[in-house]
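Presented below is the structure to which this report refers.
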Amino acid sequence: MSGHSNWPEWIYVGVIIVLLAYVGAEAWNVERLVEHVPAEAEVIKVIGQQWFWTFEHADGTKEVGELHVKKGHAYKFEITTKDVNHAFNIHDYVVLQDAVAGRVNEVWFAPDKAGEFPIQCREYCGLLHYNMRGTLIVEE
Amino acid sequence: MVLELQKPRPIWQIMFSTHHTDVGLLYTITSIAFFFMGGALALGIRAELFLPGTQIISDSMTFNRMFTVHGTAMIFLFLLPFASGVGNYFVPIMVRYKDMAYPKLNAVAFWMIPPAGALIWLGFADFTWYATPPYSAIRAPGPAADMWIFAQKILGVSSVLGAINFIVTILKCKHPDLPLSKVPLLAWSFLSASLIIIVAVPTFAAALVMLLTDRLGVSGFFDPAKGGDPIAYQHLFWFTFHPEVYVLVIPAIGMMYEIIPRFSRKPIFSQSSGIFAFVMLSIVSFSSWAHHMYATGMSFTEKTVFMIGTLAAVPASGMHVFNFIATMWGGRIKFATPMMWAVGGIALFFSAGAGGVANAAMPFDFITHDSYWVVGHFHLFVMGTIAFGSIGFLYYMFPYITGRMYNETWGKIHFIMSFAGTVMVFFTQHVLGLYGMPRRVYDYQPYPEYIVMNQIASVGAMIIGVSMVIWLINMIYSAGKGKEANMDDPWGLGGKYYFPYQAKNPHH
Ligand code: HEM
Ligand SMILES: [Cu+2]
Ligand SMILES: [Cu+2]
């Protein structure tokens with residue numbers, strides 16, 4: 001050190017570390033809670049392909065581009081792709097998970113508001129990536 | 001004077017020179033040229049997004065190619081070569097050696113950039129700057145994609161050669177009277193960044209070869225149908241490119257360490273804390289690469305590890321900010337153009353870091369990831385911090401390169417416009433991300449809140465564009481007709497602080 005005392009810097013670094021520890025702990029805790037899938041969640045298979053989404057319900061019915069679910073139910077998405085990577089995203093419900101070739105990724109949600117919500121692709125997938133949209137319809 | 005560009009010489013003498021100031025000049029001019037080319041694409045992108053629907057670009061493929069080449073050019077053909085230019089000028093002088101350690105290698109490293117640039121621009125690939133498979137392996141149209149891959153290969157070799165040269169110059173060619181702890185922080189920044197390059201770049205080099213053979217159909221490294229895994233590519237890619245973001249930002253911070261004390265008329269608050277923070281950053285830059293992959297289906301444990309690794313990088317960045325503020329504190333600050341850019345850059349660096357902490361917090365990343373938020377986040381670094389530091393430093397170098405002064409008033413106007421524009425573009429992009437707008441989209445839904453934010457961003461981009469034209473005119477005009485600089489003290493700062501340009505170069 002060049003002679004002068006450095007205690008303000010140490011205090012400053014200490015404050016940053018405390019703040020980061022707080023952010024980290026909080027994030028860890030929230031993530032732990034939101035990743036816990038309820039046992040009764042109904043499985044919906046989500047298949048991405050250039051440039052649309054297909055949904056397959058537990059009873060075998062399929063939908064393309066639209067997804068109908070019931071308010072107050074929990075659903076578990078099993079997401080995959082037929083070609084390149086995509087990302088399945090319902091922004092209003094903070095549902096975001098990549099559709100990765102060769103894998104099945106999981107994420108769950110329980111809609112609590114009826115109505116229509118946009119579904120979109122959030123991972124670049126080529127020509128019409130911007131238009132790889134769908135609609136979530138939450139029924140009473 | 002050491003930076004001898006005042007006597008005009010035929011251009012081929014500079015082109016075939018291996019002297020570090022000549023190679024530095026070549027790097028600088030080339031990188032600025034690519035900056036303007038990449039900037040033109042950015043303005044095209046922003047014009048297209050001014051309103052929903054088709055504006056000036058008739059098809060989405062062209063748009064996709066434009067943002068891909070914009071990103072690739074700005075990172076690999078502007079920021080990195082610009083930093084190398086500055087390093088070439090100043091590292092040998094700062095360690096008091098006659099040249100770079102390997103002058104010919106130095107020239108070779110530079111001359112790899114123009115062909116790589118040509119491949120990128122003539123190919124015009126569309127698979128985004130991170131070329132993720134399977135898309136890049138099975139769908140991205142060639143020959144553009146293959147040309148991009150070859151270009152990256154060349155650029156990787158060039159940057160490793162440059163890094164070796166910097167490391168050897170600093171560690172081995174440094175004047176024996178100069179202890180490493182007294183080497184100016186700008187040179188330290190090149191040492192740290194070069195060490196990162198040596199460790200980080202090889203994994204991407206491997207990934208590129210695998211990607212190419214996958215494209216040729218002879219392998220299936222990233223193809224699940226052949227037993228490969230596309231996620232492997234993402235690890236190899238981010239193991240290179242998360243550290244690489246520090247390769248970009250560290251030299252820019254080094255440039256600010258030159259400017260801030262000089263224009264505050266005070267020595268740096270703490271040289272040792274600056275060195276410590278650089279070394280820390282080069283180490284922790286390797287602990288966080290998979291924070292780009294939270295949504296790929298990583299386990300909770302993996303995500304936690306990479307979140308902690310990401311947060312670990314923050315204190316060192318914070319120490320630099322502290323060092324800057326403590327240096328300015330109580331100084332007689334002169335807000336000449338270089339100082340304005342440096343201080344503006346530090347302010348944006350701070351906001352960018354705050355956004356990064358938010359990204360690192362796992363649940364929040366599921367809101368921001370691959371949305372416009374991320375575009376805003378990293379542009380606060382690449383534009384707000386690194387380009388700002390670089391532009392400020394170019395103003396700072398200007399008298400030393402040309403022997404003349406730039407126009408101070410236009411320099412300040414340039415800064416004010418760019419700063420306002422940067423805030424307008426990249427802060428609104430954070431908001432757009434929170435609204436849910438994905439990145440890399442040619443079009444968006446006509447929601448009123450999307451439209452307003454996109455329009456603010458596009459206007460901001462145009463303001464930046466105009467300011468950069470002002471800059472270019474100022475540079476070109478002043479290089480020929482500007483008033484002669486007072487080479488002992490171009491900004492009239494007075495004082496007798498250590499100033500590396502006045503260091504005697506023993507071999508001259
Ligand atoms: C305080 C330090 C930083 C933190 C905590 C941080 C954190 C993050 C995180 C968590 C992401 C992932 C966001 C996502 O995709 O969801 C990210 C993305 C990114 N960051 Fe940072 N970052 C920091 C510094 C930097 C610096 C210094 C740069 C550039 C010089 C940078 C450039 C980028 C880029 C380019 C991306 C986006 C990559 C892409 O998806 O294309 N970051 N950052
Ligand atoms: Cu997509
Ligand atoms: Cu990163």
Side-chain angles (χ1 to χ4, degrees), chain A residues 1-2 4 6 8-9 12-17 19-21 23-24 26-36 50 79 81 83-92 94-107 118 120-133, chain B residues 59-61 63-64 126-128 132-135 138-140 222-225 228-231 267-273 293 295-297 300 303-304 307-308 311-312 314-315 318-319 322-323 326 357-358 360-364 366-367 369-371 435-436 438-445:
Chain A
M1 301 286 138
S2 41
H4 52 78
N6 229 349
E9 184 162 15
Y12 166 86
V13 171
V15 170
I16 292 184
I17 291 176
L19 283 174
L20 291 175
V23 170
E26 193 66 23
W28 180 82
N29 196 29
V30 172
E31 185 66 19
R32 189 174 59 92
L33 297 175
V34 297
E35 276 195 14
H36 180 80
Q50 285 176 323
I79 304 159
T81 169
D83 40 43
V84 305
N85 290 0
H86 305 273
F88 177 65
N89 177 218
I90 310 169
H91 189 73
D92 299 275
V94 197
V95 169
L96 175 70
Q97 197 65 237
D98 289 357
V100 179
R103 297 195 180 201
V104 179
N105 283 336
E106 290 178 359
V107 59
Q120 56 189 8
C121 174
R122 228 150 96 176
E123 181 71 55
Y124 180 73
C125 56
L127 185 68
L128 299 184
H129 160 60
Y130 71 96
N131 205 22
M132 187 168 160
R133 297 179 194 146
Chain B
D59 66 303
S60 64
M61 200 41 150
F63 181 89
N64 299 342
D126 79 300
F127 50 20
T128 84
T132 320
Y135 183 75
I138 60 173
R139 292 290 157 90
F222 307 128
D223 180 358
D229 182 4
I231 297 298
I268 290 168
F269 169 73
S270 171
Q271 162 100 0
S272 53
S273 131
M293 299 165 59
T296 55
F300 180 60
K303 279 183 283 204
T304 306
M307 174 184 71
I308 295 169
L311 296 177
V314 179
M319 284 172 74
F322 185 89
N323 218 343
V357 172
M362 306 172 265
F364 193 72
F366 287 88
I367 300 174
H369 176 64
D370 268 336
S371 77
Y435 288 160
R439 64 191 290 202
R440 298 173 167 151
V441 288
Y442 165 65
D443 194 9
Y444 52 90
Q445 292 103 318

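Below, chain A is the first sequence line, B the second, and so on; all start at residue 1.
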Heavy-atom distance under 4.5 Å to chain B: side chain of [X], backbone, both or neither?
{"X": "A/Asp98", "value": "both"}
{"X": "A/Glu35", "value": "side chain"}
{"X": "A/Glu106", "value": "neither"}
{"X": "A/Leu20", "value": "both"}
{"X": "A/Arg133", "value": "side chain"}
{"X": "A/Asp83", "value": "both"}
{"X": "A/Glu31", "value": "both"}
{"X": "A/Leu127", "value": "both"}
{"X": "A/Val34", "value": "neither"}

With a 4.5 angstrom heavy-atom cut-off, could you sort out which part of [X] is near chain A: side chain, backbone, both or neither?
{"X": "B/Pro315", "answer": "both"}
{"X": "B/Asp223", "answer": "neither"}
{"X": "B/Pro363", "answer": "both"}

Looking at every non-hydrogen atom in both residues, tell me the closest pair between [X] and [Y] and how far apart they are.
{"X": "B/Ser60", "Y": "A/Tyr130", "result": "CB-CE2, 3.4 Å"}
{"X": "B/Arg439", "Y": "A/His129", "result": "O-NE2, 3.6 Å"}
{"X": "B/Phe269", "Y": "B/Ala326", "result": "CG-CB, 3.4 Å"}
{"X": "A/Ala101", "Y": "B/Pro230", "result": "O-CG, 3.5 Å"}
{"X": "B/Phe366", "Y": "A/Arg122", "result": "O-NH2, 3.9 Å"}

Who wins among [options] for the most heavy-atom pairs under 4.5 Å with chain A?
{"options": "B/Met307, B/Met362, B/Met293", "result": "B/Met362"}
{"options": "B/Asp59, B/Thr132, B/Thr296, B/Ile138", "result": "B/Thr296"}
{"options": "B/Gly297, B/Pro438, B/Ala295", "result": "B/Ala295"}
{"options": "B/Tyr435, B/Phe127, B/Phe364, B/Phe222", "result": "B/Tyr435"}

Legend entry - Donor + acceptor pair across side chains of A/Glu9, B/Ser270 (<3.5 Å): no

Inset, instruction - Verify the distance criterion only: is there a donor paired with an acceptor across the side chains of B/Asp126 and A/Tyr124 at less than 3.5 Å? - result: yes

Legend entry - Most contacts with chain B, counted as non-hydrogen pairs under 4.5 angstrom, among A/Val13, A/Asn85, A/Val104: A/Asn85

Legend entry - Interface residue of largest heavy-atom contact number with chain B, from A/Gly126, A/Ala87, A/Cys121, A/Gly102, under 4.5 Å: A/Gly126

So do [Y] and [X] actually touch side chain to side chain, heavy atoms under 4.5 Å?
{"X": "A/Gln50", "Y": "A/His86", "answer": "yes"}
{"X": "A/Asn131", "Y": "B/Asp443", "answer": "no"}
{"X": "A/Val100", "Y": "A/Thr81", "answer": "no"}

Inset, instruction - Apply the test side chain to side chain contact (heavy atoms under 4.5 Å, CB included) to residues A/Arg103 and A/Ile79: give CA-CA distance (whole Å), side-chain angles for both, the deciding distance (0.1 Å), then the verdict. - result: CA-CA 8 Å; A/Arg103 297 195 180 201; A/Ile79 304 159; over 6 Å; no

